[in-house]
Amino acid sequence: MKSSTFENLTHLNISQYVEIKNIVIPIIQRDYAQGRENEVLRRNAFLTTIFNALKVGKEIDLDFVYGEIKGNDFIPIDGQQRLTTIYLLYYYIAVRENRYDDFGKLPKLTYRTRFTSKQFFDYLRDNKLVSIKVEQKPSDWISRQPWYFSDYAKDHSVKAAINMLDAIHKKYSELPIEQNQRYYDNLSKIRFSIYPINGGISSDALYVRMNARGEQLSNFENFKAKIEEKLRLTNNELSDRFSTESTVWQDEFWQILKGKKEIPNDKNLYAFIRWMFVGLYIKLHNNIENKTPEEEILKNLIGTQDSEYYGKEIPYYSYEDCFGWAKLDDAKYDVNRDINYIVKRIELFLDTNCKYDITIKRRNCSEKNELAHFEKYFQPDIVWLIAILEFYCTFFSGSD
């Protein structure tokens, strides 16, 4: 597994060195969707996250990109939407900041879903936007070019790409003018993990399987893989334990809710883990009230209405920021300690012989299936649960 940026896709080194010259969207893939007219809210939310990171040069993790490597081509099976949007970001910002030569060194993006899609992306790469001003949308300029054909208006991927360029243009035009010359370099802070499927399941079979699920990888699946990768740097044993036991947890949480094992209920398991991290953060920062940035971080972990993650799941990279897991050389930050903390509490929660069930009845939650619906669980009850688990882990399972 390789942590990558769009730029170092040109020198991809997974099992062996490969020079990627083309990102090829295969025929079996769907149209580019993030730029569709009816995706305004999702598109704006995604671009807001990207541009907020670009402003301050903050790293942002876009999780996994699954794909097949054939010669010098990388063929994404899951990740098409994100890669296309990142490509359009590089294209637009390269034009605005006079970095088009640098953009030309990046892998070429080509769509094989339709001839018009392939042709449009080829023409777009060879023809940079010129004389773009705040009041002029990229769509206005593109539609007037001699290489723009009327058939493009019937191609969903082309229309979506042009809409996305307009949205990027709007976001970029809102940035402080004096800072405009540094955003292209900050694009290298956008990271994702390459997961090659060569030698395993075929790309077509994987695509069919993922679409049968009806969704992308869950936040928990991404979190699990990232944690295993992080733990592998310092503690192989804990990494293996987390990998093995998390599969059991997925089954257990599904059984609690549905009594079936076929589909793990990752959303509720991940919500549980989130609240255990709330307990850990409080424990590590004793008196958080009116302390910044600790108070803001706690708001995000809890998901208060004025927080960045209100109504959203927290991605892995935010946990890494909150708990400083990137600072492996600093004794204050210990991913092994933090994951051990979470593991103990999940095991205790799932232990059918655990004494805390008796105590929980005081809050009218005697059945575990009631406790498993963390998406709808009231905060006072969750705080009560955190306190009970902390008590039993400290006095009956050894101090943390």
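Side-chain contact between Asn163 and Glu37: present, with at least one pair of heavy atoms (C-beta onward) separated by less than 4.5 Å. Between Phe120 and Tyr111, the closest side-chain pair of non-hydrogen atoms is not below 4.5 Å.
Under the salt bridge (charged side-chain N to carboxylate O under 4.0 Å, His left out) criterion, Lys118 pairs with Asp122, not counting sequence neighbours. Judged as a ring pair (Phe, Tyr, Trp, His ring centres under 6.0 Å), and not counting sequence neighbours, the contacts of Phe242 are Trp249. Not a single salt bridge (charged side-chain N to carboxylate O under 4.0 Å, His left out) links Asp73 to another residue, sequence neighbours left out. For Lys170, the side-chain contact (heavy atoms from CB on, under 4.5 Å) test picks out Glu174, with sequence neighbours left out. With sequence neighbours excluded, the residues that form a ring pair (Phe, Tyr, Trp, His ring centres under 6.0 Å) with Phe149 are Tyr152. Remark: Asp31 engages Arg114 in a salt bridge (charged side-chain N to carboxylate O under 4.0 Å, His left out) (not counting sequence neighbours).
Glu97 pairs in a side chain to side chain donor-acceptor pair (under 3.5 Å) with only one of the listed residues (Tyr183, Tyr172, Tyr92), which is Tyr172.
A centroid separation of 6.0 Å or more is found between the aromatic rings of Phe277 and Tyr341. Residues Tyr316 and Tyr319 keep their aromatic ring centres 6.0 Å or farther apart.
The cationic group of Arg125 lies under 6.0 Å from the six-membered ring centre of Phe103 and within 45° of the ring axis, placing it in a cation-pi geometry.
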